Each structure stands twice: as structure tokens, then as C-alpha cells.
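Remember, it's a predicted structure, so these values are computed and weren't measured experimentally.
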Amino acid sequence: MKKELPKILITAYAVNPYKGSEDGTGWNMIAEISRYNNVTAITRENNQESIEQYLRENNLPQEGNLTFEYFDLPYWMRFWKKGGRGALLYFYLWQIGLVFFILRKKIDFDLAHHLNFHNDWTPSFLWLLGKPLVWGPIGHHPAIPKKYLIKSAGKSAYYLDQLKWFTKKMFWNVDPFLKITKWKAQKIITINSSVKEVLNFGKNKEVRLPAVATQFPEKDSEIDKIKSNKKFNVLSIGRFVPLKGFDLAIQSFGEFYHGQNKETQKQLQLTLIGKGPQKNILKKLVKDLDLENAVQFIDWMQRSELNNYFQSSSVFLFPSHEGAGMVVPEALSFNLPVLCYDNIGPGELISSECGIKVKYSTPRESIVTFSKHLTDLFNSEDKLNELSEGAEQHFIEKFTWGRKGKVISKAYREVLYPGKKNQTLPTQKKVEELIIS
């Protein structure tokens with residue numbers, strides 16, 4: 001008699017195979033986890049159309065091992081929610097209602113996994129179901145260093161960021177359901193080193209696994225042919241908000257650019273892709289620094305077009321203060337060395353083999369240091385090539401969706417079969433046999 005795969009219940013508020021960010025992460029993780037487990041995934045009703053369309057249009061080998069259920073609170077409990085407004089409160093209430101939905105549907109499972117939202121300051125209520133619980137990946141954005149934020153966006157932005165940080169600390173220290181969640185969870189999947197510090201849970205519970213990943217990219221051979229004769233293009237991507245540090249990226253590039261002679265300047269370019277409330281401020285900064293001929297702003301675009309910019313660039317400059325960084329594995333997948341801060345976000349996503357990390361000091365010192373590293377990489381083709389090769393290897397080892405599915409599935413087995421050493425996952429052929437049977 002064949003041994004059945006573990007029955008896993010996954011709750012994921014945001015799941016959409018056609019989107020990026022948290023929605024795309026939800027979809028990709030569920031798809032990979034279902035390669036090694038019998039998965040029932042519950043998400044919001046507004047994700048149903050996209051999920052079912054994708055399943056119709058794509059032949060997933062593990063589809064027979066994956067079931068979706070859809071749940072939302074009744075209209076009278078959510079009429080006040082408009083887009084992102086009220087999303088966090090609705091998520092909190094949605095989870096409570098979810099427990100009664102699961103009980104009413106009589107869903108059979110061995111282990112419950114609270115997959116997303118990815119913040120570590122709102123609880124899960126799946127522990128009420130009395131089954132083993134896995135929680136995460138979870139994390140948080142740290143408070144932006146005061147000197148950097150005030151210089152970038154002023155004192156009002158600093159006080160707003162401090163208010164957000166105070167709110168998180170209130171949840172960490174006061175919310176009784178958050179304390180129960182971290183106590184009841186057998187495994188807590190963390191995106192960076194700061195999570196365990198703020199939640200203060202036992203070391204045996206932690207599974208360190210950044211939520212960010214991406215697919216192996218499709219590369220255009222024609223772009224590779226052109227690349228050897230192109231400009232030295234510095235790329236940066238994200239929302240134009242203080243958290244991302246685009247003002248410092250522009251100033252660092254400006255320091256690097258103006259340190260070259262006129263002829264060399266013609267080879268240099270900074271490409272900023274994104275949109276957000278700081279766009280006009282950043283454009284003015286470019287004008288003030290006399291960089292209009294060397295800096296281009298581009299709005300969001302289709303994934304295929306974005307890939308062309310990744311592939312045609314030389315370096316990915318990302319002085320972000322965030323706690324993760326979805327674009328970092330994307331850059332690495334295109335062999336792009338990453339320049340970032342030595343922080344708990346992008347700084348923990350790269351190594352010295354694939355990028356360069358700059359320690360926090362003062363905004364001015366950071367600008368000078370990033371500029372120096374840009375200069376060194378521009379002048380040393382050997383160093384640039386070495387980091388490019390390291391970027392590809394680091395991506396393969398750390399940031400494929402397949403790796404996420406394997407690490408999480410191994411954690412499930414450690415919870416379900418305690419004491420059994422060297423937990424191994426079934427081969428894909430074995431999984432397909434179990435699905436068919």
C-alpha cells in the first residue's frame with residue numbers, strides 16, 4: 001500500500017498567478033508546495049477567477065494534488081473596505097471567520113500553514129483548529145534610520161515612520177493572540193534575522209527562508225550580443241517612496257558620473273523604473289544635479305519588457321531600507337551584481353560573491369561609498385564579471401521557487417514525523433504516482 005502524501009491546509013489571503021509581490025508569492029509557494037503534498041488552499045473570493053483561468057490554460061503536473069477553496073466575510077462585515085484602505089483590519093477579521101469556514105466545510109488535513117500576509121505583527125487563528133501549525137514566511141520593514149529619512153523626506157515622514165514602528169511594537173508586546181500564535185506554531189518561517197529578535201521564540205522553531213524568489217528568466221540572445229558594446233547602465237527598480245532610497249541612488253550615481261571626463265560620461269546611464277509619490281521630487285533632484293542626460297525614468301511595464309532592462313544592465317543599485325526586496329532575486333537571475341546596504345533586508349539576501357554591501361553611517365558617507373563602488377566596477381571588468389558569475393550561482397542556490405517548496409515541505413515533515421532523521425522528499429515521479437493513484 002502506497003504511503004499518502006501529507007494533507008496540508010494552507011490559508012493565503014493574497015494569491016494570484018498573474019500578479020507579482022505578495023499575490024505572486026502566494027501562488028508560487030502554493031504551487032511548489034503541492035508538488036510534495038496534498039494541498040487544500042483557501043484564499044479570498046476575488047482571486048477565484050484568476051486562479052481558475054490559470055489552471056485552465058496551464059497544465060500543472062501537480063494539479064490533481066491541489067484544491068482551492070474561496071472565502072470572504074459577508075458584505076455587511078466588509079462594505080467599508082476599499083482597495084488597500086482597511087486591508088489590515090479586514091485581514092484580521094477574515095482569519096477569524098476562516099476558522100468557522102474550515103469547520104463548516106469539514107476540511108480534512110494533517111497540518112495547517114498560515115502563509116500570508118507576510119507581516120510578523122498580526123496573528124494567525126489556525127491554532128484554534130487543534131492541528132500542528134506552521135506560520136510564515138513572516139517579517140517586517142525596520143524603522144528607517146533617522147538621518148537618512150529626514151534628509152530624504154523631511155521630519156513629517158520620519159514621525160510617520162516612527163508611528164508605524166510604534167504600532168508594530170504594540171502588536172508584538174500587547175496582542176495576546178500574537179503571543180498564542182508564536183507559542184502554538186511548531187515552525188515559524190522567517191524572512192530575516194530580525195523576526196526572532198522581536199518575537200522572541202525558541203530557536204528550534206525557526207526556518208529562515210526569505211519569501212522573495214523568481215522564475216528562471218527567458219533571456220534574449222540578441223541583447224547579450226549588444227551588451228558588450230553598450231553603456232555602463234546602472235539599474236534601480238521599485239516604488240518611488242522614502243523606504244526605497246531612490247534619492248540616495250541618484251546622488252550616488254551623480255557623484256560617480258561627475259567624477260568622469262566628458263567622453264566617459266557618454267557611456268554612463270542610470271535607469272529608474274517605477275512610480276510613486278516621490279517621482280516629481282526625484283526628477284527635480286536629477287535636474288539639480290545636472291544629470292538629465294544620464295538618468296531616465298520609466299513607468300511600470302510588462303514583465304517581458306522589464307526583463308530586457310535587467311538583461312541589458314551592468315549593475316543593480318538598490319539602497320533600500322526595507323526588510324526584504326523582491327527585485328533582488330530578479331536582478332541576480334540576470335547575473336546583475338547588487339549594491340545595497342548591509343541591513344536585514346537586501347543586505348541579508350546577497351553575499352560578497354554576488355554583490356557589495358555598504359554599512360550605514362551618514363547619508364553623505366553612503367553616497368561617497370556607493371559612488372566609489374560604482375567607479376571600481378566600471379573600471380574593473382574582471383571584478384564585474386566575477387560578481388556577475390556569483391550572482392547567477394547565488395540565485396540558483398537561494399532564490400528559485402522550487403527551493404522554497406522543498407524547504408517548506410521538509411519543515412512539514414519535521415513537524416508531522418518528529419524524531420525521524422534525514423527527512424527526504426519524494427521524487428517528482430513518486431509524487432505523480434501518488435496523485436494518479
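Side-chain polar atoms of Gln278 and Lys283 form no donor-acceptor pair below 3.5 angstrom. Judged purely by distance below 3.5 Å, without hydrogens or angles, the side chains of Glu52 and Gln48 pair a donor atom with an acceptor atom. Inspection of the Asp376 and Ser380 side chains reveals no N or O donor paired with an N or O acceptor under 3.5 Å. For the 3.5 Å distance criterion, the side chains of Glu63 and Asn58 fail to qualify, holding no donor opposite an acceptor. Remark: the His140 side chain and the Asp120 side chain contain an N/O donor-acceptor pair separated by less than 3.5 Å. The closest side-chain donor-acceptor pair between Tyr92 and Asp175 falls under 3.5 angstrom. Looking only at atom types and distance, the side chain of Asp23 has no donor-acceptor partner in the side chain of Tyr13 under 3.5 Å away. Side-chain N/O atoms of Asn385 and Ser388 include no donor and acceptor closer than 3.5 Å. Between Thr271 and Asn233, the side chains place a donor N or O and an acceptor N or O closer than 3.5 Å (distance only, hydrogens not considered). In summary, the side chains of Thr40 and Glu69 do not present any donor paired with an acceptor at a separation below 3.5 Å, with no hydrogens or angles considered. Using a 3.5 Å distance cut-off with no hydrogens or angles, the side chains of Asn261 and Thr264 do pair a donor with an acceptor. Between the side chains of Asn37 and Arg413, at least one donor N or O lies within less than 3.5 Å of an accepting N or O. Looking only at atom types and distance, the side chain of Glu389 has no donor-acceptor partner in the side chain of Gln393 under 3.5 Å away. Looking at Ser34 and Asn65, their side chains never bring a donor and an acceptor atom within 3.5 Å of each other. Side chains of Thr362 and Tyr148: no donor on one and acceptor on the other come within 3.5 Å.
To the nearest 0.5 Å, atoms NZ (Lys266) and CD (Gln260) are separated by 14.5 Å. In this structure, the separation between NZ on Lys244 and CG on Leu272 is 13.5 Å, given to the nearest 0.5 Å. Here the OG1-CZ distance, from Thr375 to Phe256, works out to 5.0 Å after rounding to the nearest 0.5 Å. With rounding to the nearest 0.5 angstrom, the CD1 atom of Ile273 is 5.0 Å from the CD1 atom of Ile298. The CZ atom of Arg56 lies 12.0 Å from the CD1 atom of Ile51; values are rounded to the nearest 0.5 Å.
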Verdict with supporting geometry, Tyr54 and Trp27, ring-ring contact (aromatic ring centres under 6.0 Å, His included): CA-CA 11 Å; Tyr54 187 90; Trp27 167 260; 5.0 Å; yes

Checking Asn293 against Gln265 for the side-chain hydrogen bond (donor to acceptor under 3.5 Å, both in side chains) test, could you report, in this order, the C-alpha distance in whole Å, the side-chain angles of both residues, the deciding distance, and whether it holds? CA-CA 10 Å; Asn293 292 330; Gln265 286 178 353; over 6 Å; no

Applying side chain to side chain contact (heavy atoms under 4.5 Å, CB included) to Val368 and Glu255, what does each step give before you reach the verdict? CA-CA 7 Å; Val368 171; Glu255 189 95 1; 4.2 Å; yes

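The shortest heavy-atom contact between Leu235 and Ser313 is CB-OG, 3.5 Å. Smallest separation of non-hydrogen atoms from Gly323 and Asn192: O-ND2, 2.9 Å. In terms of heavy-atom proximity, Leu248 sits nearest to Phe370 at CD2-CD1, 3.5 Å.
When each of Trp165, Phe166, Phe201 is tested with Trp172 by the rule ring pair (Phe, Tyr, Trp, His ring centres under 6.0 Å), just one qualifies, namely Trp165.
Listed for the Ser333 side chain is a donor-acceptor partner under 3.5 Å among the backbone atoms of Glu330. For the pair Asn16 (side chain) and Asn47 (backbone), a donor-acceptor distance under 3.5 Å is absent. Remark: side-chain polar atoms of Lys151 are not paired, donor with acceptor, to backbone N or O of Arg364 under 3.5 angstrom. Looking at His113, its side chain does come within 3.5 Å of a backbone N or O of Gly136 through a donor-acceptor pair. Without hydrogens or angle criteria, Asp161 side chain to Ile144 main chain gives a donor-acceptor distance under 3.5 Å. Between the Glu392 side chain and the Asn335 main chain, no donor and acceptor come within less than 3.5 Å of each other. A donor-acceptor pair is defined here as one N or O able to donate and one able to accept, closer than 3.5 Å; such a pair exists between the side chain of Glu348 and the backbone of Ser193. Side-chain atoms of Arg403 come within 3.5 Å of backbone N or O of Glu397 as a donor-acceptor pair. Between the side chain of Lys205 and the main chain of Lys182, a donor-acceptor pair closer than 3.5 Å is present.
More than 12 heavy atoms of other shown residues, nucleotides or ligands fall within 6.0 angstrom of atom NZ in Lys179. Heavy atoms of other residues, nucleotides or ligands lying less than 6.0 angstrom from NZ of Lys279 number more than 12. More than 12 heavy atoms of other residues, nucleotides or ligands sit less than 6.0 Å from atom CZ of Arg208. The neighbour count for Glu57 CD, taken as heavy atoms of other residues, nucleotides or ligands under 6.0 Å away, is above 12. For Glu49, the CD atom sits in a loose shell: 12 or fewer heavy atoms of surrounding residues, nucleotides or ligands are nearer than 6.0 Å.
You'll find the ring centres of His114 and Phe125 outside the 6.0 Å limit.
Inter-residue side-chain proximity for Ser366 and Pro319 is flagged as unmet; no heavy-atom pair is nearer than 4.5 Å. Residues Ser252 and Ile367 meet the side-chain proximity criterion, which asks for heavy atoms closer than 4.5 Å. The side-chain heavy atoms of Phe246 and Val241, taken from C-beta on, include no pair separated by under 4.5 Å. Inter-residue side-chain proximity for Ile237 and Phe310 is flagged as met; some heavy-atom pair is nearer than 4.5 Å. Annotation: side chain of Met170 is not in contact with side chain of Trp121 (no heavy-atom distance under 4.5 Å). Between Phe395 and Phe334, the closest side-chain pair of non-hydrogen atoms is not below 4.5 Å.
Relative orientation of the Phe71 and Trp94 rings is tilted, given thresholds of 30° and 60° on the angle between their planes.
Salt bridge absent: Lys147 and Glu365 never bring a charged side-chain N and a carboxylate O closer than 4.0 Å. The pair Asp299-Lys275 does not count as a salt bridge, with every side-chain nitrogen at least 4.0 angstrom from each carboxylate oxygen.
Listed by chain and residue number, Tyr341, Pro346, Tyr360 satisfy the side chain to side chain contact (heavy atoms under 4.5 Å, CB included) test with Asn343 (two or more places apart in sequence, or in another chain).
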